[in-house]
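Before any comments, here is the structure.
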Amino acid sequence: MVFASEPAGPVLRVGYGEDAHRLAAGHPLILGGIPIPGAALGTVAHSDGDAVLHAVADALLSGLALGDIGDYFPDTDPLWAGLDSRAILGRVLELVRERGYAPVNIALVVTLDKPKLGPLRAQIACNVAALLGLPESEVGVSFKTSEGLAPAHVQTRATALLSRIQG
């Protein structure tokens, strides 16, 4: 039941998120919850530095005008040091569902010079889909390089389509 003082809101909403991290030796590289084998450089970050899951979380928050992950997991708080980004995404999903929405589709673009990620596309898509409760076919993943402009850098852009939960 919807009361006059409670707007129903749109059925569909679109969100956009980005995340980037500097890369350095001696750090793990985790993307979409998957440790990347053969990575000589990994993310320098307060949490585990998973640029894919951070961008997805920000896209979901953006779609509902809920700020960004820094509002919920500030990098100035030692409590979140080394935090597994799957926990960040889990909390963001709770916020999305509390507001009556669910993700429908995610599109990702990851920019990284090395290592080549093409062989991991299905694994990353499958893991992101599982974390969001989506079919793998609803998570698109593409990879780009910086063409040498930012070899010590990883960046992810994410677009999320959200739908109001019927019920």
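Computed from a predicted model, the values in this text were never measured in an experiment.
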Any side-chain heavy-atom pair from Thr111 and Val154 closer than 4.5 angstrom?
no

Using the rule that Ile, Leu, Val, Met, Phe, Trp and Tyr join whenever any side-chain heavy atoms are under 4.5 Å apart, tell me whether Leu79 and Leu89 fall into a single cluster.
yes

Please check this pair: side chain of Ser62 against backbone of Tyr16, looking for a donor-acceptor N/O pair closer than 3.5 Å.
yes

Contact check, side chains of Leu60 and Tyr101, non-hydrogen atoms, under 4.5 Å
no

Please tell me if the side chains of Pro115 and Ile36 come closer than 4.5 Å, counting only heavy atoms from C-beta onward.
yes

Write out all pairs satisfying salt bridge (charged side-chain N to carboxylate O under 4.0 Å, His left out) with one or both partners inside residues 134-146, taking only residues at least two apart or from two chains.
none

Ignoring hydrogens and geometry, is there a side-chain-to-backbone donor-acceptor pair from Arg13 to Leu162 under 3.5 Å?
no

Is the shortest side-chain heavy-atom distance between His153 and Arg22 below 4.5 Å?
no

Sequence neighbours excluded, every pair satisfying ring-ring contact (aromatic ring centres under 6.0 Å, His included) that has a member inside residues 125-146
none

What I'd like to find out is whether the side chain of Val109 reaches to under 4.5 Å of the side chain of Thr156, using heavy atoms alone.
no

Does one hydrophobic cluster hold both Val56 and Leu64, with members joined at side-chain heavy-atom distances below 4.5 Å?
yes

Closest heavy-atom pair, Gly33 versus Leu53, reported as atoms and distance to 0.1 Å, is N-CD1, 3.9 Å

Hydrophobic cluster identity match, Val128 and Ile30, side-chain contacts under 4.5 Å
no

Backbone of Asp48 reached by a side-chain donor or acceptor of Thr43 within 3.5 Å:
yes

Side-chain donor-acceptor contact under 3.5 Å, Gln123 with Arg121
no

Do Asp113 side-chain atoms and Ala152 backbone N/O form a donor-acceptor pair below 3.5 Å?
no

State, to 0.1 Å, how close Ile106 and Ala160 come at their nearest heavy-atom pair, and which atoms those are.
CD1-CB, 3.6 Å

What's the shortest heavy-atom distance between Ser163 and Val104, and which atoms?
CB-CG2, 3.3 Å

What residues form a salt bridge (charged side-chain N to carboxylate O under 4.0 Å, His left out) with Asp75, not counting sequence neighbours?
none

Quick one: does any side-chain atom of Asn127 pair with a main-chain N or O of Ile124 as donor and acceptor, under 3.5 Å?
no

Of all heavy-atom pairs linking Gly32 and Asp50, the shortest is N-OD1, 2.9 Å

Taking atom types as modelled, find out whether His54 and Ser47 have a side-chain donor-acceptor pair closer than 3.5 angstrom.
yes

With the side chain counted from C-beta on, respond yes when Trp80 and Leu83 share a heavy-atom pair under 4.5 Å apart, and no when they do not.
yes

Taking NZ, NE, NH1 and NH2 as the nitrogens, is one of them in Glu94 or Arg97 under 4.0 Å from a carboxylate oxygen of the other?
no

If I compare all heavy atoms of Leu161 with all of Val14, which pair ends up nearest, and what's the gap?
CD1-CG2, 4.0 Å

Within the structure provided, determine whether Leu29 and Leu112 are in side-chain contact (heavy-atom separation under 4.5 Å).
yes

Does any N or O in the side chain of Arg86 come within less than 3.5 Å of the main-chain N or O of Leu131, such that one atom is a donor and the other an acceptor?
no

His46 side chain reached by Phe73 side chain, heavy atoms, under 4.5 Å:
no

For residues Ala51 and Asp19, report the shortest heavy-atom separation together with the two atoms involved.
CA-OD2, 3.4 Å

